[in-house]
Amino acid sequence: MAELRESKKRETRQRLSDVATELFFQRGFDAVTVEEIAAAAHVSKVTVFNYFTRKEDLFLDREAEVMPLLRRALESRSALESRSAPESKAKGVAQLAALRKLVDQLSEQKHPFAHIDDKALAWWRVVAASASLKARLREIGDEVTQGLALELGGPKFDARTRLLAGMIVLTWRTAYAEALRVLEHRGSVKKANSEFRALLELGFTAAQRLDAPSP
């Protein structure tokens with residue numbers, strides 16, 4: 001029974017997000033009210049806020065997947081460490097290898113976090129037109145940086161670990177934004193995704209140098 005309730009909650013949450021997203025694409029984020037979303041979904045405004053604490057999260061609902069994906073990827077680092085060469089004992093080597101593997105997996109799946117196409121570009125145009133959505137994305141970026149630092153260094157992580165986490169998050173965001181720019185100006189999905197992977201690798205390599213043991 002509990003499993004059925006949770007399944008219905010997930011379905012309701014997804015339906016609310018889908019209805020809201022369609023309205024946002026049609027009219028723009030700022031032009032749509034929560035009352036209109038509730039009416040279109042045939043629920044009350046209270047029900048909408050039971051599932052989403054703020055309007056922005058109706059459109060950015062998939063951002064909640066970021067930390068679980070990163071956490072699962074980093075759980076594999078122990079196996080990667082055991083296969084590392086003796087001279088590559090730095091914990092960050094295995095952690096970054098795990099994140100590179102995650103990128104490969106997401107790219108193969110054409111997951112929206114690691115695949116740029118026309119749908120991603122349309123999504124970003126909605127975000128770019130709304131100051132509140134852009135502000136919420138910055139907040140989420142800070143939250144992910146904090147969460148990633150905890151995963152990388154534990155509850156007593158130091159400034160170096162926070163810098164490493166910040167570099168990884170900034171690398172991903174910068175690579176994604178540049179890939180969207182390439183798609184918008186060149187119209188090539190292939191070139192956009194190639195640019196995304198190239199910039200990610202550049203940033204990960206820089207992060208790996210940061211995590212290398214001090215001489």
Side-chain angles (χ1 to χ4, degrees), residues 2-74 99 102-103 105-106 109-152 162 165-166 168-180 183 196:
E3 185 177 338
L4 179 60
R5 282 197 299 269
E6 288 304 312
S7 177
K8 287 184 176 180
K9 286 181 180 179
R10 287 193 296 270
E11 289 175 3
T12 300
R13 178 183 170 85
Q14 187 63 55
R15 182 166 60 86
L16 290 172
S17 176
D18 290 345
V19 168
T21 297
E22 184 175 353
L23 290 172
F24 296 149
F25 273 122
Q26 290 173 356
R27 295 163 50 194
F29 179 82
D30 296 329
V32 179
T33 67
V34 175
E35 288 84 356
E36 289 171 325
I37 294 167
H42 306 293
V43 299
S44 69
K45 181 180 176 181
V46 171
T47 297
V48 175
F49 283 120
N50 283 341
Y51 287 89
F52 297 92
T53 57
R54 59 182 82 189
K55 176 185 166 187
E56 289 79 10
D57 291 343
L58 282 155
F59 192 64
L60 304 174
D61 61 309
R62 296 206 69 167
E63 299 300 312
E65 298 176 30
V66 174
M67 277 312 304
L69 281 169
L70 293 174
R71 191 173 295 114
R72 286 196 296 270
L74 290 171
L99 294 178
L102 174 63
V103 173
Q105 292 170 341
L106 294 179
Q109 298 165 9
K110 294 189 176 180
H111 191 288
F113 290 165
H115 181 74
I116 289 80
D117 55 20
D118 290 336
K119 186 176 181 180
L121 185 57
W123 180 89
W124 182 251
R125 284 172 177 158
V126 175
V127 173
S130 170
S132 62
L133 279 176
K134 289 187 287 187
R136 178 58 181 144
L137 266 184
R138 287 192 292 271
E139 289 179 359
I140 291 171
D142 290 342
E143 292 165 4
V144 172
T145 298
Q146 180 74 9
L148 183 56
L150 283 167
E151 292 297 320
L152 293 172
R162 179 167 180 80
I168 292 168
V169 173
L170 180 60
T171 290
W172 208 305
R173 291 176 63 180
T174 302
Y176 201 92
E178 181 61 17
L180 288 170
L183 178 58
F196 174 71

Side chain to side chain contact (heavy atoms under 4.5 Å, CB included) between R15 and R10, worked out = CA-CA 9 Å; R15 182 166 60 86; R10 287 193 296 270; over 6 Å; no
Residue pairs, two or more places apart or on separate chains, that pass salt bridge (charged side-chain N to carboxylate O under 4.0 Å, His left out) and touch residues 112-130 | R125-E184
Work out which heavy atom in [X] is nearest to a heavy atom in [Y]; give both atom names and the distance.
| X | Y | value |
| --- | --- | --- |
| A40 | V19 | CB-CG1, 3.6 Å |
| T145 | A165 | O-CB, 3.6 Å |
| R162 | A149 | CA-CB, 4.2 Å |
| F196 | W172 | CZ-NE1, 3.6 Å |

Sidechain-backbone polar pair: T12 side chain, K8 backbone, donor-acceptor under 3.5 Å | yes
Report yes or no: does S17 contribute a side-chain atom to a donor-acceptor pair with the main-chain N or O of D61 at less than 3.5 Å?
-> no
Salt bridge (Lys or Arg N to Asp or Glu O under 4.0 Å) partners of R62, counting only residues at least two apart | E65
Among all residues two or more places apart in sequence or in another chain, which pass the ring pair (Phe, Tyr, Trp, His ring centres under 6.0 Å) test with W124?
-> none
Residues at least two apart in sequence or cross-chain that pass ring pair (Phe, Tyr, Trp, His ring centres under 6.0 Å) with Y51, listed by chain then number, are none
Distance check, rounded to the nearest 0.5 Å: [X] atom [atom1] versus [Y] atom [atom2]?
| X | Y | atom1 | atom2 | answer |
| --- | --- | --- | --- | --- |
| L183 | L121 | CG | CG | 5.0 Å |
| E63 | E143 | CD | CD | 10.0 Å |
| L16 | D18 | CG | CG | 9.0 Å |

Not counting sequence neighbours, which residues clear side-chain hydrogen bond (donor to acceptor under 3.5 Å, both in side chains) with [X]? List them please.
| X | result |
| --- | --- |
| R13 | none |
| D142 | none |
| T47 | S44 |
| E36 | R27, T33 |

Are there more than 12 heavy atoms of other residues, nucleotides or ligands under 6.0 Å from atom NZ of K9?
-> no
Would one find more than 12 heavy atoms of other residues, nucleotides or ligands at under 6.0 Å from atom CD of Q26?
-> yes
Pair L70-V144, side chain to side chain contact (heavy atoms under 4.5 Å, CB included): steps then yes or no | CA-CA 9 Å; L70 293 174; V144 172; 4.0 Å; yes
Taking it one step at a time, do V48 and K55 satisfy side chain to side chain contact (heavy atoms under 4.5 Å, CB included)?
-> CA-CA 9 Å; V48 175; K55 176 185 166 187; over 6 Å; no
Set of residues satisfying side-chain contact (heavy atoms from CB on, under 4.5 Å) with respect to [X], sequence neighbours excluded:
| X | answer |
| --- | --- |
| S130 | F29, D30, S132, L133 |
| K110 | H115 |
| R54 | E56, D57, R136, E139 |
| F25 | T21, F59, A122, W123, V126 |

Is [Y] close to [X] at the side-chain level, that is, under 4.5 Å between some pair of heavy atoms?
| X | Y | answer |
| --- | --- | --- |
| H111 | L69 | yes |
| I37 | V32 | yes |
| L148 | L74 | yes |
| L180 | Y176 | yes |

